[in-house]
> 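The following block contains the structure, expressed as structure tokens.
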Protein chains: 2
Amino acid sequence: MARTGTEELRRRNRAALVEQLHRHGPQTRAELTEALGLNRSTIGALAADLAETGHLHETTGRSTGSAGRPSTLVECVPKAATVTAVEIRVDRVRFALVGLGGEVLERAEAELDGADPVDAIEVVTGGAARDALEAVAAVPGLVDAGVVAHSTELGWAGRDLAADLAAATGRAWQVVDTATAAAVGEWSRGDAHESTKLLYLHGGRGLTAGLVVDGRAQRGGSIQLGHIVVQPGGHECGCGLRGCLEAEMEVFGYAEDIEYATLAAGMGDAAARDGLRRSGEDLGRALGAVVTATGPDEILFGGWLRELYLSTAAPVRSALAETTLPHLRSRLRLRTPVLGDEGALIGAAETGFAAVIDGMR
Amino acid sequence: MARTGTEELRRRNRAALVEQLHRHGPQTRAELTEALGLNRSTIGALAADLAETGHLHETTGRSTGSAGRPSTLVECVPKAATVTAVEIRVDRVRFALVGLGGEVLERAEAELDGADPVDAIEVVTGGAARDALEAVAAVPGLVDAGVVAHSTELGWAGRDLAADLAAATGRAWQVVDTATAAAVGEWSRGDAHESTKLLYLHGGRGLTAGLVVDGRAQRGGSIQLGHIVVQPGGHECGCGLRGCLEAEMEVFGYAEDIEYATLAAGMGDAAARDGLRRSGEDLGRALGAVVTATGPDEILFGGWLRELYLSTAAPVRSALAETTLPHLRSRLRLRTPVLGDEGALIGAAETGFAAVIDGMR
DNA sequence: ATCATATGTTGCAGTCAACAACAAATCTTG
DNA sequence: CAAGATTTGTTGTTGACTGCAACATATGAT
């Protein structure tokens, strides 16, 4: 495999073509010519290459209504390159086999009932992981080079998950954190494609955040939002620190608790309303520090933070306004994700495809 | 200028050769062959190209002591490509004309005495900026696309510095923030080349920080460290917020004040010692939030923070330890910069060279 | 039905990097 | 000190790739 020379040029162009189709869906050869800035003949040669290897499928053009010869439609063949995506939660493991172009080919889910998620992987994936080009697992926590350094949610510290998964399935795995995966998912298949610096907040048993710049996860872009210290010397946290956001937030738990609290607050329960407000303020203050440090242009509230934000956006916004400079605030959009529960799984798959396409270059 | 094709391949390789020499200094053709993974004949052709355009100079090989024909030494011609670097401070403007390879060809400095720094630019640079391929100005503050959105130090808000400099000098300028520039400088010409995620803290009249990942400045990587809120509802800050680090730190000012305080503390002044300690704690807490949000592997204390850190590292470290997860802390090195006062100027020049080399591709 | 328009196809030319054979310059060894 | 070993620069050749232009093809407009 030459690292230089004209063959690399070909590989780069081939990869660019596959990436274009994977990201933007089926396109005509004419559109591809425009998008990649290559000659018609070059596109033709590349497409012929990739059709032969089975990655692409060409359909004879149907009339577009305008004059001229109709252009051939090119589309990905999903089964030609697949990625295994797994999302690990406290109580369950979810799996999807995703094909080139983003189509979900298989899907499964299993309750854990206290079992170790790694032990459930083979059953959930049904061996499908073996044929996939990449396998990616999303876990809520601080991930560094395949190792889960810290996870409030799973209660892990320093677990080499990549190695464990490899041992259990006989293949290499990539490990990413849930929030970063979800950020990638929302950017690539959601509604956040315009964002150049996207911050995704994930509320599970712990609070994590993920930063995606220009659609790509950063080296170590996994942020332990729940362990931003908002109250120095405050309540003791499970991580050993004091005054972490997770330890200080009054409303804390799963989405069901949030729903109960919002319901109670809506029915005039003053204590519930105050609790929600103070939680929103704590979150806003922690966010202020993260925004000052990272300067995102969009924040998405995922997991149960979605419910918190929808029910109590005002205190979040005002606490944020009190802790960030006007310029950082003014270009900031606050929203909720559009992929719902699927974001992390889809993002994990997209992380895998990024590796697949990089590997083609 | 074609964006694809075999000519681009040549351009990329040419740029890679120049980058290699610029960053690692003079090298033999044999070393270049190894470093770039290209064939001997290709290196020869590229070097011949660049020698003809005047970018490179080849010296007939001198014996290395080992067997074989001595390899030709290739080095940059500094004057072949120059970058104008300017550092703007409250009280003065500093200028350097830097040549390819990193050699400083000219240097000048001017006190401002209250004048607008832009008005002093033409005099300080002596018109040298005109011939340079790139011109870069470093300013302490929050910079976004040529605009200084906020600068405690200069008292600017929303000033389009790139446009002002262009109007004053008749050429395009790039604007970066001082801390990020210094981070780039320390990474490329200092002692922080091993760091993959380098956080540089700059103490001037305001406190700013810059993040450099794999040697490159991030989009909007300029961090207003001084406006991390460490005391919600605390003292009013000039930026309009309350409880900013800048407003809360007891020892705050120029390096001279720090020196005075450390001197007093050393002579047993309990008040000075307490003030230093509390300032170190405040700084450590703000840093904790930034570290949790960005996950650097190295932190450099620049400007007068250097003095503060050297005299009172313990409270900074312990406050940091109380506000960051063990895993983030364990891989973190705290140090002081090696380029001293020059970091930002050198880094601004390197930012310019990055653009020059990117432009060759 | 003919022309205009847009696109796929084919053959050709220009460029590039790798390769191999050769030349050059140094060290090593007898 | 001379011949061989070793390393590197040089040159001519080769295979590959992309762009270009001319031609073929398929549709809409007149």
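These figures come from a predicted structure and were not determined experimentally. By convention in this document, chain letters (A, B, ...) are assigned in the order of the sequence lines, proteins followed by strands, and residues within each chain are numbered from 1.
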> Apply side-chain contact (heavy atoms from CB on, under 4.5 Å) to D191(B) and R335(B), showing your working.
CA-CA 10 Å; D191(B) 199 23; R335(B) 300 202 298 179; 3.6 Å; yes
> The side chain of A67(A) lies closest to which of these nucleotides: dT10(D), dG8(C), dT5(C)?
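The answer is dT5(C).
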> Do you know the tightest heavy-atom contact between T59(A) and T72(A)?
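Heavy atoms of T59(A) and T72(A) come nearest at O-CG2, 3.1 Å.
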> Within the structure, does a side-chain N or O atom of N13(A) lie under 4.0 Å from either OP1 or OP2 of dC17(D)?
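Looking at the OP1 and OP2 atoms of dC17(D), neither is under 4.0 Å from any side-chain N or O of N13(A).
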> Hey, does R29(A) have a side-chain heavy atom less than 4.5 Å from the side chain of V74(A)?
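A side-chain contact exists here, since the closest heavy-atom pair is under 4.5 Å.
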> CG of L211(A) to CD of Q218(B): how many Å apart, nearest 0.5 Å?
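Answer for the CG-CD pair, L211(A) versus Q218(B), is 9.0 Å.
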> Using a cut-off of strictly less than 4.0 Å between a heavy atom of the residue and any atom of DNA chain D, enumerate the qualifying residues of residues 41-51 of chain B by number.
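When residues 41-51 of chain B is checked for heavy atoms under 4.0 Å from DNA chain D, the hits, listed by number, are S41(B).
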> Just call it for T33(B): base, sugar-phosphate, or nothing, with non-hydrogen atoms closer than 4.0 Å on any strand.
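Counting heavy atoms under 4.0 Å across all strands, no contact is made by T33(B).
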> Among the candidates dG8(C), dC16(C), dT8(D), find the nucleotide nearest to the side-chain atoms of A30(B).
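Closest of the options to the side chain of A30(B): dT8(D).
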> Choosing from dC17(D), dA18(C), dT15(C), which nucleotide comes nearest the side chain of N39(B)?
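It is dA18(C).
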> Round to a whole Å and report the spacing from CD of Q27(B) to P of dG9(D).
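Between P of dG9(D) and CD of Q27(B): 13 Å.
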> dA17(C) P sits how many Å from E7(B) CD, rounded?
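Taking atom P of dA17(C) as the reference, CD of E7(B) is at 11 Å.
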> Which listed nucleotide (dG9(D), dT7(C), dT18(D)) is nearest to the side chain of S71(A)?
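The answer is dT7(C), which lies nearest to the side chain.
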> Is any NZ, NE, NH1 or NH2 atom of the basic residue among R361(A) and E19(A) found under 4.0 Å from an Asp or Glu carboxylate oxygen of the other?
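Yes.
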> dC16(C) P sits how many Å from R11(A) CZ, rounded?
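Distance check: R11(A) CZ to dC16(C) P gives 19 Å.
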> Among dC20(D), dG8(C), dT7(D), which is the nearest nucleotide to the side chain of R69(B)?
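Side chain of R69(B) sits closest to dT7(D).
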> By nearest nucleotide on DNA chain C, pick out whichever of R29(A) and L9(B) is the more 5' one.
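Counting from the 5' end, the first nearest nucleotide belongs to R29(A).
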> Given atom CZ of R10(A) and atom P of dA18(C), what is their separation to the nearest angstrom?
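Atom CZ in R10(A) sits about 18 Å away from atom P in dA18(C).
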> CZ of R333(B): more than 12 outside heavy atoms within 6.0 angstrom?
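Enclosed.
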> Nearest whole angstrom, please: distance from the P of dT18(D) to the CD of E8(B).
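In whole Å, dT18(D) P and E8(B) CD are 11 Å from each other.
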> For L17(B) and dC16(C), what is the distance between atoms CG and P respectively, to the nearest whole Å?
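About 15 Å, once rounded to whole Å.
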> Taking five pairs at each end of the helix from dA1(C)-dT30(D) to dG30(C)-dC1(D), what angle separates the two helix axes (nearest 10°)?
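If I round to tens, the end axes sit 10° apart.
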> Between C1' on dG8(C) and CD on E31(A), what's the gap in Å once rounded to a whole number?
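Atom CD in E31(A) sits about 15 Å away from atom C1' in dG8(C).
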> Go through F353(A) and L133(A) one step at a time and tell me if the side-chain contact (heavy atoms from CB on, under 4.5 Å) criterion holds.
CA-CA 9 Å; F353(A) 278 115; L133(A) 293 178; over 6 Å; no
> Examine the side chains of D214(B) and T196(B) and answer whether a donor and an acceptor come within less than 3.5 Å of each other.
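T196(B) and D214(B) do not have a side-chain donor-acceptor pair below 3.5 Å.
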> With nearest nucleotides of DNA chain D determined for T6(A) and R40(A) from heavy-atom distances, which residue corresponds to the more 5′ nucleotide?
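Nearest-nucleotide comparison on DNA chain D picks T6(A).
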> Could you tell me whether the side chains of H193(B) and E186(B) share a donor-acceptor contact shorter than 3.5 Å?
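Side-chain D/A pair, H193(B) to E186(B): absent.
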> The side chain of P70(A) lies closest to which of these nucleotides: dA18(C), dT27(D), dA16(D)?
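Nearest to the side-chain atoms of P70(A), counting from C-beta on, is dT27(D).
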> Charged N to carboxylate O under 4.0 angstrom, R189(B) versus E342(B)?
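Looking at E342(B) together with R189(B), the answer is no, because their closest N to O distance does not fall below 4.0 Å.
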